[in-house]
Number of protein chains: 2
Amino acid sequence: MREVLILAHNAAFLEDRIKALPWSAALTPAAAQAHLDIGEVRSVDRGEPVLREGASADFVYSIADGALTVEKGRSAGDTQIVGFLFQGDMFGVVHDERYSYSVRATVPCELLALPRPAFERICERYPSVQRAMLQMASNELAGAQDHLVILGRKSAIERVSSFLLMLSERNSRLGYPAETPIWLPMRRADIANYLGLTLETFSRVFTDLKRRGVIQAQSMRHVRVRDVDGLRELAEKC
Amino acid sequence: MREVLILAHNAAFLEDRIKALPWSAALTPAAAQAHLDIGEVRSVDRGEPVLREGASADFVYSIADGALTVEKGRSAGDTQIVGFLFQGDMFGVVHDERYSYSVRATVPCELLALPRPAFERICERYPSVQRAMLQMASNELAGAQDHLVILGRKSAIERVSSFLLMLSERNSRLGYPAETPIWLPMRRADIANYLGLTLETFSRVFTDLKRRGVIQAQSMRHVRVRDVDGLRELAEKC
DNA sequence: CGCGACTTTGATCATCATCAACACGCGTGG
DNA sequence: CCACGCGTGTTGATGATGATCAAAGTCGCG
């Protein structure tokens, strides 16, 4: 962790990360370089908000490093976390005038902020980027709907299992070996909130999963899935 | 209702409805006419599915008349309703290859089905339509996130109140006078499902709201909101 | 080593789900 | 036109799941 933090301030490292962003692939190298010039790198401390629901949507962001929460306000202090964002994700794209949610860093983050006008010029110029954006929108929507299923129809243990499974599948999608532990950069309270539970309930279910041997805690923020099929079983019906 | 049904089969009436669809405004009259020629009008009976989750996304639909549910499957027979659609809404737009949800008619519906290739040609040709689509995507996403807040953080009475408020605000947005009763074309079970409740709990809360005088049932499927502020109060915090 | 933030565990309680019976409305057929 | 029956909605009694309140235990960092 500390190592990553130090490296994040190394320009060459950051540039690599940025060039590895998914939509960069849709551009020519020259165009990608142009964005690096236009875009502004922004460092955000843990707990700090990046953008706020209702504010004018002036920038789109790409995550070079770190993890963030997407939250939707209710009355002050009482928000629902509607998603987590990790390295390589973008946010602030699918909006009109104003942001419809807030985004906050759960660990120190390195972001690339692109002014929206510049971003839109790029969209117009590169149809492949445009298409990638629509793709993103559809993914985001599908993700939100999966989340709705979790909140609407699942029991506590199903919710926690689904969540861990989701992160585990993300790991595989990124090509990490199956033993790679899941990284949980967010606090228990945030996970519980995301799952529509209290942190106590989450904690109880979590230790229950450990007792059953389905998962194994490496440390507070790292979990290994020992029995994916068992987890899938628990996530589906129970 | 019966009156509408008969009228719906009247070609002139249907054409009017279709021309009143929101994205038609983004087109020249000639172009709008072209769609009517390309598009296929489809009648769907109550309870019948229009499209199924996972099926190839070959058409986009506009609703000329009726009301439908959007559902997301879990194990067979157990689905979460993630939204309701009414006259003027579109669906099937924000997807890649395959639909990510199923859509089913709750009352007899008249739809305009547009083959996706034709639709995409229109998008390319009319930037205003393209922009309208992005707008739609962002609205849909914002709607899903509001729904997440309901399911994640609200009590039964808050959920029901929010739901009624939503429909009431839709009425105002469409320019109907404040006394216009809300139309609830869907069954109680569907509403309850949408709200993450059982139909019994919904029913109880609903009668409670009637007893309090916040709402007044005109008939089984029509409710008048007597006290919008009271409803808003109940929806927000409790 | 000690402090504060975060997490786990425990005991009790409220909300909502479940199971079950009853009522209503609507269409059909006598 | 009324009677019957089914689909749908309401109401009631009970119980389970998860929330709340409270206290003890860890982790990580100075």
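So you know, we letter chains A, B, ... as the sequences are listed, proteins then strands, and number each from 1.
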Side chain to side chain contact (heavy atoms under 4.5 Å, CB included) partners of [X], counting only residues at least two apart:
X	result
A:D45	A:E48
B:A67	B:F86, B:T106, B:V107, B:W183, B:P185
A:T180	A:N171, A:Y176, A:P177
A:T207	A:K210, A:R211

Next on the checklist: Run the ring pair (Phe, Tyr, Trp, His ring centres under 6.0 Å) test against B:Y101 and tell me which residues pass, sequence neighbours left out.
Outcome noted: B:H95
Item to check | Sequence-distant partners of A:F206, ring pair (Phe, Tyr, Trp, His ring centres under 6.0 Å), two or more places apart | outcome: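 By the ring pair (Phe, Tyr, Trp, His ring centres under 6.0 Å) rule, A:F206 matches A:F202.
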Next on the checklist: Checking B:D227 now: which residues fulfil salt bridge (Lys or Arg N to Asp or Glu O under 4.0 Å) with it, not counting sequence neighbours?
Outcome noted: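 If we apply the salt bridge (Lys or Arg N to Asp or Glu O under 4.0 Å) test to B:D227, skipping adjacent residues, there are no hits.
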Checklist outcome for this item: By salt bridge (Lys or Arg N to Asp or Glu O under 4.0 Å), B:R153 pairs with (sequence neighbours left out) A:D78
Which whole-number value in Å describes the distance from [X] [atom1] to [N] [atom2]?
X	N	atom1	atom2	result
A:D78	D:dT20	CG	P	10 Å
B:D208	C:dT15	CG	P	12 Å
B:L197	C:dA17	CG	C1'	10 Å
B:L209	D:dT10	CG	C1'	15 Å

Please list, pair by pair, any protein nitrogen or oxygen found under 3.5 Å from a nitrogen or oxygen in nucleotides 15-17 of chain D.
none

Checklist entry - What are the two closest non-hydrogen atoms of A:R212 and A:I157, and how far apart are they? => result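 For A:R212 and A:I157, the tightest heavy-atom pair comes out as NH2-CD1, 3.4 Å.
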Checklist entry - Between the two ends of the helix from C:dC1-D:dG30 to C:dG30-D:dC1, what is the bend in degrees, rounded to 10 degrees, where each end axis spans five pairs? => result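 Roughly 30° between the end axes, to the nearest 10°.
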Next on the checklist: Going by side-chain hydrogen bond (donor to acceptor under 3.5 Å, both in side chains), name the residues that satisfy it together with B:R170, two or more places apart in sequence or in a different chain.
Outcome noted: none
Next on the checklist: Applying a 4.0 Å non-hydrogen cut-off, can you work out what A:G196 is touching in the nucleic acid: base, sugar-phosphate, or nothing?
Outcome noted: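 The residue A:G196 makes sugar-phosphate contact but no base contact.
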Item to check | Under 4.0 Å protein heavy-atom contacts per nucleotide of nucleotides 2-9 of chain C, with B for base, S for backbone only and - for none | outcome: ----SSBB
Checklist entry - Considering the options A:T69, A:V50, A:T79, A:D190, which one meets the side-chain contact (heavy atoms from CB on, under 4.5 Å) requirement together with A:R104? => result A:T69
